2 protein chains.
Amino acid sequence: MTDTPMPTKDRLIQTAANLFRTRGYHGVGLADVLTEAKAPKGSLYHHFPNGKSDLAMASATWASDEMLRLIAASFDGADTFEDGATTLCYKLAKLFDITGWDTCPIANTLFEGPDNDAFRAHAEHIYEGWINEVLDHAERLGLAEGEAKAKAENVFILIQGGWMLARARRNSDVLRNLRSMI
Amino acid sequence: MTDTPMPTKDRLIQTAANLFRTRGYHGVGLADVLTEAKAPKGSLYHHFPNGKSDLAMASATWASDEMLRLIAASFDGADTFEDGATTLCYKLAKLFDITGWDTCPIANTLFEGPDNDAFRAHAEHIYEGWINEVLDHAERLGLAEGEAKAKAENVFILIQGGWMLARARRNSDVLRNLRSMI
DNA sequence: GCGGGACTAGACCAATCGGTCTATTCGCGA
DNA sequence: TCGCGAATAGACCGATTGGTCTAGTCCCGC
């Protein structure tokens, strides 16, 4: 995919993000990450002094940034909030089909951690970021303030729930059908 | 709570279910389960010959039965589908506050397993059971067939998504507010 | 070309993992 | 009361876990 080799730190973050997403925090061993990222253990602990938990935090942030870009790309060309939300659902469904995304990467990465509250707080921060991103577009597209807030949260909840059912069924149609509930 | 001591097998299932729910399949060691359930390892492998994975399957089934009872209790006294669904949301919120339920017990238990597809299939089976339980009540309460099916799935998705946001925020109001989206 | 921090490399460690095995105790039917 | 399978009890095992540590390599300013 990339010709110029990616810096080790980024390589670790991205492979870790993918592994955590599919197998969960405790389901992934450092050995797995290091093998797949072709990096020695020394590098990991150089870039992430606190080891696995640092890596999980960074992975979650990276995954979140990808999601924020996806939200922005969905709403940027939209004329109405419904159009943007529908596009988002379709983009997620497509991603689900292509990459076999299993669940919300944040949930699988951060909802199991050892010192639970730092992880939980980070997950909350990320989720609020997603909701706010949707909220901004909702207001920009003319929704009244109260309605916009409710709609943004609604979209988040539907996507999270739909994601889970889609995974259980191994069928991305669930995500596509979410548009009828927005 | 219970005066008569619970049979070892049930004790294992229930403590395992609680641990899996909060920490995920890989986040729980057999030692944790055995200590908390006050059972020796021999008993575990007597009742669950395939060890941890058998235990996880049984735990998920048990947790699912609890959920089915909760759904039934919510809809049984309801005059309309909306009433029943609202009651369900409130009951879940209460449970969330009391027991600190973290996420969907099925998701945390089965969405990480080793031989992933047996676990996934079991999760799908359980989820369809929940949806069908809601569907039965929807039809009983007079919803047209097509609408009932959509509503039942909608309720499931909202609860799953709301559950996750409630956990991140450590706030059960999310679950209570779901009623406005049904 | 030399000095020094950034980074790579992987051997090594104690702790814990899930699982196996043998010995013992319990509880019920004959 | 005996017999026998169900169940309990926990020592033990190899593999793997996350984490530490030392040595070596790379690259850039001087």
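Sequence lines set the chain letters: A, B, ... in the order given, protein chains first and strands last, and positions in each chain run from 1. The structure displayed is predicted, hence computed values, not measured ones. Because only heavy atoms are used, hydrogens play no part in the values below, and waters and symmetry mates are left out as well, while side chains stay in.
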Quick one, A:M67 and A:I106 - any side-chain contact, counting heavy atoms below 4.5 Å? no

To the nearest 0.5 Å, atom CH2 of A:W163 lies from atom CD of B:Q160 at 14.0 Å

Minimum side-chain heavy-atom gap A:R120-A:L110 below 4.5 Å: no

Counting C-beta onward and ignoring hydrogens, is there a side-chain heavy-atom pair between B:I157 and A:L158 closer than 4.5 Å? yes

Looking only at side chains, do A:R11 and A:T15 share a donor and an acceptor under 3.5 Å apart? no

N or O in side chain of B:T8 less than 4.0 angstrom from D:dT8 OP1/OP2: yes

Rounded to whole angstrom units, what separation is found between the CG atom of A:L30 and the C1' atom of C:dC17? 15 Å

Within residues 18-28 of chain A, the residues having a heavy atom closer than 4.0 Å to DNA chain D are A:V28

Distance, rounded to the nearest Å, where B:L34 contributes CG and D:dC12 contributes P: 18 Å

Residues in residues 36-49 of chain B with a heavy atom under 4.0 Å of DNA chain C, by number, are B:K41, B:Y45

Rounded distance (Å) that lies between atom P of D:dG19 and atom CG of A:L12: 14 Å

Which of A:T109, A:T61, A:D117 passes side-chain hydrogen bond (donor to acceptor under 3.5 Å, both in side chains) with A:H122? It is A:T61

Applied to residues 126-150 of chain B, the salt bridge (charged side-chain N to carboxylate O under 4.0 Å, His left out) test, sequence neighbours excluded, yields A:R169-B:E128

Parallel, tilted or perpendicular: which one describes the rings of A:Y25 and A:F20, with boundaries at 30° and 60°? parallel

In whole Å, what is the span from the CG atom of B:D32 to the C1' atom of C:dT16? 10 Å

